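Reading through the structure tokens given below for one structure.
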Amino acid sequence: MRKEDKSTIIEQIAATVKEYNHFYLIDITAMNAAATSALRRECFKSDIKLMLIKNTLLHKALESLEEDYSPLYNCLKGTTAIMFCNTANLPAKLIKAKAKDGIPGLKAAYAEESFYVGADQLDALVSIKSKNEVIADIVALLQSPAKNVISALQSGGNTIHGVLKTLGERTEA
């Protein structure tokens with residue numbers, strides 16, 4: 001491969017890394033063609049971009065970016081595929097659902113501005129909540145006290161009305 005071609009590919013990889021908020025490095029070495037094809041289909045359905053990539057080109061692309069991706073460099077050995085997405089836990093859920101005997105295996109991930117290195121991090125990645133899920137949880141927590149106050153007022157509405165009516169009658173008399 002010519003040097004110009006390599007630099008073009010490195011620029012394309014760097015642009016893709018910038019485009020997506022999260023990415024996973026996975027090992028698909030032991031997967032046969034049918035299993036790899038099925039994984040690609042599942043990724044497409046889940047809005048995950050799957051690329052098979054040369055480790056040296058990915059390493060150079062990551063080095064060219066402003067962010068420090070050095071914790072991932074030791075994982076760039078063997079066959080590496082990369083999953084790009086904008087929802088942090090989608091690839092982890094897909095890997096966990098598809099994984100049979102550790103295939104595909106998680107090498108590392110960059111999700112929610114943090115590094116997760118090693119296959120043992122898969123459960124932590126699955127439990128990451130998306131931005132929308134966190135917002136929904138916060139809204140539910142904020143609504144809970146308001147709902148309690150409203151329900152207390154509604155349940156005691158007759159009592160409050162009775163007390164106010166009695167007090168009003170006493171002041172008139």
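Bear in mind the structure is a predicted one, so any value in this text is a computation, not a measurement.
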Between Thr80 and the options Lys107, His59, Lys54, the side-chain hydrogen bond (donor to acceptor under 3.5 Å, both in side chains) test singles out Lys107
- ILVMFWY cluster, Leu65 and Leu25 together (side-chain gap under 4.5 Å): yes
The reported gap from OG in Ser64 to OH in Tyr69 (rounded to nearest 0.5 angstrom) is 9.5 Å
Nearest heavy-atom contact between Leu94 and Ile48 is CD2-CD1, 4.1 Å
Test item: side-chain donor near acceptor, Arg41 and Ser37, under 3.5 Å:
yes
Heavy atoms of Gln121 and Leu106 approach each other most closely as C-CD2, 4.3 Å
Exercise. Under a 4.5 Å cut-off applied to non-hydrogen side-chain atoms, are Leu122 and Tyr116 in contact?
Worked result: no
Ala111 and Ile128 have their tightest heavy-atom pair at CB-CD1, 4.1 Å
Inset, instruction - Look at atom CD of Glu4 and say whether more than 12 heavy atoms of other residues, nucleotides or ligands are closer to it than 6.0 Å. - result: yes
Between Pro71 and Phe115 the two heavy atoms that sit nearest each other are CG-CD1, 3.8 Å
With hydrophobic residues grouped by side-chain heavy-atom distances under 4.5 Å, do Tyr73 and Met51 end up in a single group?
-> yes
Flag side-chain contact, heavy atom, 4.5 Å: Ile26 against Leu50:
yes
Scanning both residues in full, the closest heavy-atom pair of Ala88 with His22 reads N-CD2, 3.4 Å
### Message
With a 6.0 Å cut-off (strictly less than), is the heavy-atom count around CG of Asn86, excluding the residue itself, greater than 12?
### Response
yes
Exercise for review: Report, as yes or no, whether the 6.0 Å neighbourhood of atom NZ on Lys3 holds more than 12 heavy atoms from other residues, nucleotides or ligands.
Suggested key: no
Tightest non-hydrogen contact, residues Leu125 and Ala92, listed as CB-CB, 3.6 Å
